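Input: a single structure, listed below in structure tokens.
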Amino acid sequence: MADRKKLIPVPRLLAVAALAGALAGAVAVYVSVTLSGNNAPPSAAGDVVNADANAKLCGAKAERARTVAAAATGEVAAMRPADPPQSLKTLAFNAPDGKPMTLADRAGKTLLVNLWATWCAPCRAEMPALDALQKELGSEKFEVVAVNVDTGDDAKPKKFLADTGVEALGYYRDNTMAAFEELKTRGLALGLPVTLLVDGEGCLLAHMNGPAEWSSNDAKKLIGVALGG
């Protein structure tokens, strides 16, 4: 009988179980909310969805790419239509302020993206022409984005720009050469310089390897067509 008096009554056991269940539920809710906040890991599924959407958007621009590339004559005749047009929104490098960026950060602008290096003789020859094109046509709708891909610090590239008289071009930079390697993987870059014509939605319309006279009337006509003029 003494042992029976030590037993916990059934109603009390039920109450304790209910309390434990409530606490467990509260902890589960807290953990769930915490993981869905700013510290949650990025969603790979979301990245795939975005990539698919960008691919579909750009893939529908094949006719547009052919129209733009058809305007590439004379000094810029080496420009070829993107086949198929592909998204370059994620192409990454550093902005003139030194902060990381991608082409998506220039959404709304038609871009002439040019990768160059100080050791590239053809790059030295065409840099003043790219600078002149930016001076004349640079606006809220168009920009020449010349990305230096030298490894090391900024001293040599900046001296190069000063020596070649470049004034209007922003100092975009990628000392890892990752941007070049990505374009190489995509079959767009064979060497330097490489130039890409990208629309305001980040879609590649035309591309070329090798230098061109970018301050020529032929180049200006090409940019005009890319801008819809």
Side-chain angles (χ1 to χ4, degrees), residues 58 65 68-69 72 75-83 85-106 109-134 137-138 142-199 202-215 219 222-223 226:
C58 296
V68 170
E75 298 285 356
V76 292
M79 268 285 190
R80 294 289 178 265
D83 184 23
Q86 55 186 284
S87 177
L88 289 180
K89 280 184 177 182
T90 60
L91 190 68
F93 41 86
N94 287 343
D97 62 4
K99 295 179 181 179
M101 64 164 287
T102 66
L103 287 189
D105 294 318
R106 293 294 182 268
K109 275 189 175 186
T110 295
L111 305 173
L112 188 72
V113 182
N114 177 275
L115 270 60
W116 65 277
T118 58
W119 44 261
C120 164
C123 299
R124 179 176 290 271
E126 78 170 353
M127 198 58 66
L130 287 166
D131 189 56
L133 183 65
Q134 174 62 23
L137 298 184
F142 173 74
E143 183 182 358
V144 176
V145 176
V147 184
N148 174 261
V149 295
D150 278 64
T151 56
D153 61 25
D154 292 339
K156 195 172 182 181
K158 287 187 173 181
K159 183 177 185 301
F160 176 98
L161 294 176
D163 290 346
T164 52
V166 170
E167 299 175 347
L169 295 177
Y171 182 59
Y172 294 94
R173 185 92 158 91
D174 175 26
N175 66 358
T176 69
M177 285 199 77
F180 175 80
E181 291 300 327
E182 179 179 344
L183 295 177
K184 185 177 178 182
T185 300
R186 291 178 182 234
L188 298 173
L190 303 176
L192 293 176
V194 57
T195 307
L196 315 152
L197 187 55
V198 181
D199 73 7
C203 299
L204 177 68
L205 298 179
H207 59 98
M208 68 179 288
N209 281 270
E213 183 50 67
W214 291 108
S215 61
L222 171 63
I223 301 305

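All heavy atoms count here, side chains included; hydrogens, waters and symmetry mates do not. Note that the structure is a prediction, hence the values are computed from the model and not measured.
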In Å and rounded to the nearest 0.5 Å, what is the [atom1] to [atom2] distance from [X] to [Y]?
| X | Y | atom1 | atom2 | answer |
| --- | --- | --- | --- | --- |
| R186 | Q86 | CZ | CD | 5.0 Å |
| L169 | N148 | CG | CG | 11.5 Å |
| L188 | M208 | CG | CE | 13.5 Å |
| T164 | K159 | OG1 | NZ | 10.0 Å |
| T195 | H207 | OG1 | NE2 | 11.5 Å |
| Q134 | N114 | CD | CG | 12.0 Å |

Quiz item: Considering residues at least two apart in sequence or located in another chain, which fulfil the side-chain contact (heavy atoms from CB on, under 4.5 Å) criterion with E181?
Solution: K184
Quiz item: What ring-ring contact (aromatic ring centres under 6.0 Å, His included) pairs are there with at least one residue in residues 161-196, not counting sequence neighbours?
Solution: F93-Y172
Residue pair [X] / [Y]: nearest heavy atoms and the distance that separates them:
| X | Y | result |
| --- | --- | --- |
| C58 | P85 | O-CB, 3.1 Å |
| A179 | A92 | CB-O, 3.7 Å |
| A69 | R80 | CB-C, 4.1 Å |
| V76 | A72 | O-CB, 3.3 Å |
| G152 | N175 | O-ND2, 3.3 Å |
| P128 | A125 | CD-O, 3.7 Å |

Quiz item: Passes side-chain contact (heavy atoms from CB on, under 4.5 Å), W214 versus L137? Steps please.
Solution: CA-CA 11 Å; W214 291 108; L137 298 184; over 6 Å; no
Self-check item: Salt-bridge present (R173, D154; N to O < 4.0 Å)
Solution: yes
Practice problem: I would like to know whether L197 and I223 meet side-chain contact (heavy atoms from CB on, under 4.5 Å); could you show each step before the answer? | Solution: CA-CA 9 Å; L197 187 55; I223 301 305; 4.0 Å; yes
Self-check item: Steps toward side-chain contact (heavy atoms from CB on, under 4.5 Å) verdict (L196, L183)
Solution: CA-CA 10 Å; L196 315 152; L183 295 177; 3.6 Å; yes
Practice problem: Verify side-chain contact (heavy atoms from CB on, under 4.5 Å) between L130 and L112, making sure each step is shown before the conclusion. | Solution: CA-CA 9 Å; L130 287 166; L112 188 72; 4.0 Å; yes
Quiz item: Just by distance, do the side chain of D163 and the backbone of F160 share a donor-acceptor pair under 3.5 Å?
Solution: no
Exercise. Tell me, please, which residues at least two apart from S215 pass side chain to side chain donor-acceptor pair (under 3.5 Å).
Key: E213
Quiz item: Going by heavy atoms in the side chains, are D174 and L115 under 4.5 Å from each other?
Solution: no
